[in-house]
2 protein chains.
Amino acid sequence: MAATKDPRPCSIADTLAVVGEKYSLLVLREVCLGNRRFDQLVRNIGAPRDILATRLRRLVDAGILTKRAYSERPQRFEYRPTQAGLELEPVLMTLMAWGDRHLHRHDDRPMVVEHSCGHELAPVVTCRACGDTVRHEDLTARPQAEGWTVAGPTAA
Amino acid sequence: MAATKDPRPCSIADTLAVVGEKYSLLVLREVCLGNRRFDQLVRNIGAPRDILATRLRRLVDAGILTKRAYSERPQRFEYRPTQAGLELEPVLMTLMAWGDRHLHRHDDRPMVVEHSCGHELAPVVTCRACGDTVRHEDLTARPQAEGWTVAGPTAA
DNA sequence: CTCCGAGAGTTGGAAATTCAAACCCTCCCC
DNA sequence: GGGGAGGGTTTGAATTTCCAACTCTCGGAG
């Protein structure tokens, strides 16, 4: 999963290098839902057990999950999201919203998330400074490293 | 990339089935930045050419990109995001924000995005209904299919 | 004491993907 | 007619994934 050539330096790529492998974000989904045990994860995610074990190790190493024993004798472990892991939940919600909109009929969504405000959660990405919904036309990227440019939007 | 066993039905998984393969979201990053040509994508993403060709086909098939000739004789093509593709940009921004926060020093971010409001973009995921920032403790998931439950938060 | 099952992985080998480099084709230009 | 540029495809070798079976530790039932 190492970057091959000399690609654009970018936090999107860096983040995906940590959580972009197959199943990683689904592991995070499950632990955020409160499912913390290996066998639950295997069942709910549908991943091969060995791959799941590899992903869990990686996520723990990356500081996104913690592993702790919930029972000595017999030793049994559970995985929980760290603060950093919880901060990825908005990514999951945004992915879910896209899938709900583009991959399902509105009346046939696989899962509904309720917000404590009493309404169903419809996540919207906004600009912290002005509060407006983030739209492509309002964005301008500025690479910080030399040699890297963007082609300018010129409309989609 | 097909779901193996009988995993939890979920739009996160469905979305990742479309854009979750290695490089797919980086392709989207580049086309959103305005880089539309095959060789640019190869260079900026650092993906093998054959893999990139496969990903582009898939993203076009999924309705996330369009492929169009920008020159006949010699035939030359470019890729652009569709509306559905642009609607994934908030996912990219949210991933970027996480990477900026957790993988870099604040003064050494690889890329800065400016919002048209005049400030640097700091994307925040909010609830459309109440406008509040989405936080883990405020969410409750309700699976729509039978047999699928969540374990309840019981705090992280 | 023995057998059974749960939980949490590990192992081995076959199947699928990825990678890198080289190759191809169509033009344009000198 | 030789050299790019642009946009891929081909070819093996190197990695990963997948699946089933296996392991190991206990707790409890009979």
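Proteins get letters first, then strands, A, B, ... in listed order; numbering begins at 1 in each.
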Just how far, in rounded Å, is [atom2] of [N] from [atom1] of [X]?
X	N	atom1	atom2	result
B:Ile51	D:dG7	CD1	P	19 Å
B:Glu21	C:dT17	CD	P	9 Å
A:Phe77	D:dT25	CZ	P	13 Å
A:Glu78	C:dG9	CD	P	12 Å
A:Arg49	D:dT23	CZ	P	15 Å
A:Asp6	C:dA20	CG	P	13 Å
B:Gln40	D:dG8	CD	P	13 Å
A:Asn44	C:dG7	CG	C1'	15 Å

A:Glu87/B:Arg101 ion pair, N-O < 4.0 Å
yes
Taking B:Arg49 first and then B:Asp39, would you say they form a salt bridge - that is, a charged N and a carboxylate O separated by under 4.0 Å?
yes
Of the listed nucleotides [options], the one nearest the side chain of [X]:
X	options	answer
B:Asp39	D:dT9, D:dG6, D:dC18	D:dG6
A:Asp50	D:dC19, C:dC19, D:dG7	D:dC19
A:Pro48	C:dT18, D:dG8, D:dC18	D:dC18

Does A:Arg37 qualify as a cation-pi partner of A:Tyr70, given the criterion of NZ or CZ under 6.0 Å from the six-membered ring centre and within 45 degrees of its axis?
yes
Take B:Arg80 and B:Glu78, measure what salt bridge (charged side-chain N to carboxylate O under 4.0 Å, His left out) needs, and give me the verdict at the end.
CA-CA 7 Å; B:Arg80 290 166 182 248; B:Glu78 63 176 9; 2.9 Å; yes
A:Asp107: which residues meet the salt bridge (charged side-chain N to carboxylate O under 4.0 Å, His left out) condition with it, sequence neighbours left out?
A:Arg105
Please write out each protein N/O paired with an N/O of nucleotides 27-30 of chain C under 3.5 Å, distance rounded to 0.1 Å.
| residue | atom | partner | partner atom | Å |
| --- | --- | --- | --- | --- |
| C:dC27 | OP1 | B:Arg73 | NH1 | 2.5 |
| C:dC27 | OP1 | B:Arg73 | NH2 | 3.0 |

For DNA chain C, what residues of residues 54-72 of chain A have any heavy atom nearer than 4.0 Å?
A:Arg57, A:Lys67, A:Tyr70
Any side-chain hydrogen bond (donor to acceptor under 3.5 Å, both in side chains) pairs touching residues 50-59 of chain A, not counting sequence neighbours?
none
Scan for side-chain hydrogen bond (donor to acceptor under 3.5 Å, both in side chains) pairs involving residues 111-129 of chain B, sequence neighbours excluded, and state none if there are none.
A:Asp138-B:Ser116, A:Arg142-B:Glu114, B:Arg109-B:Glu120
For B:Glu72, does its backbone N or O pair with a side-chain atom of B:Gln75 as donor and acceptor, under 3.5 Å?
no
Validation: residues 90-99 of chain B side-chain donor-acceptor distances under 3.5 Å, sequence neighbours left out:
| residue | atom | partner | partner atom | Å |
| --- | --- | --- | --- | --- |
| B:Thr94 | OG1 | B:Pro90 | O | 2.7 |
| B:Trp98 | NE1 | A:Ala84 | O | 2.9 |

Any side-chain N or O of A:Tyr23 less than 4.0 Å from the OP1 or OP2 oxygen of D:dT16?
no
So B:Phe38, base contact, sugar-phosphate only, or nothing? Heavy-atom distance under 4.0 Å.
base
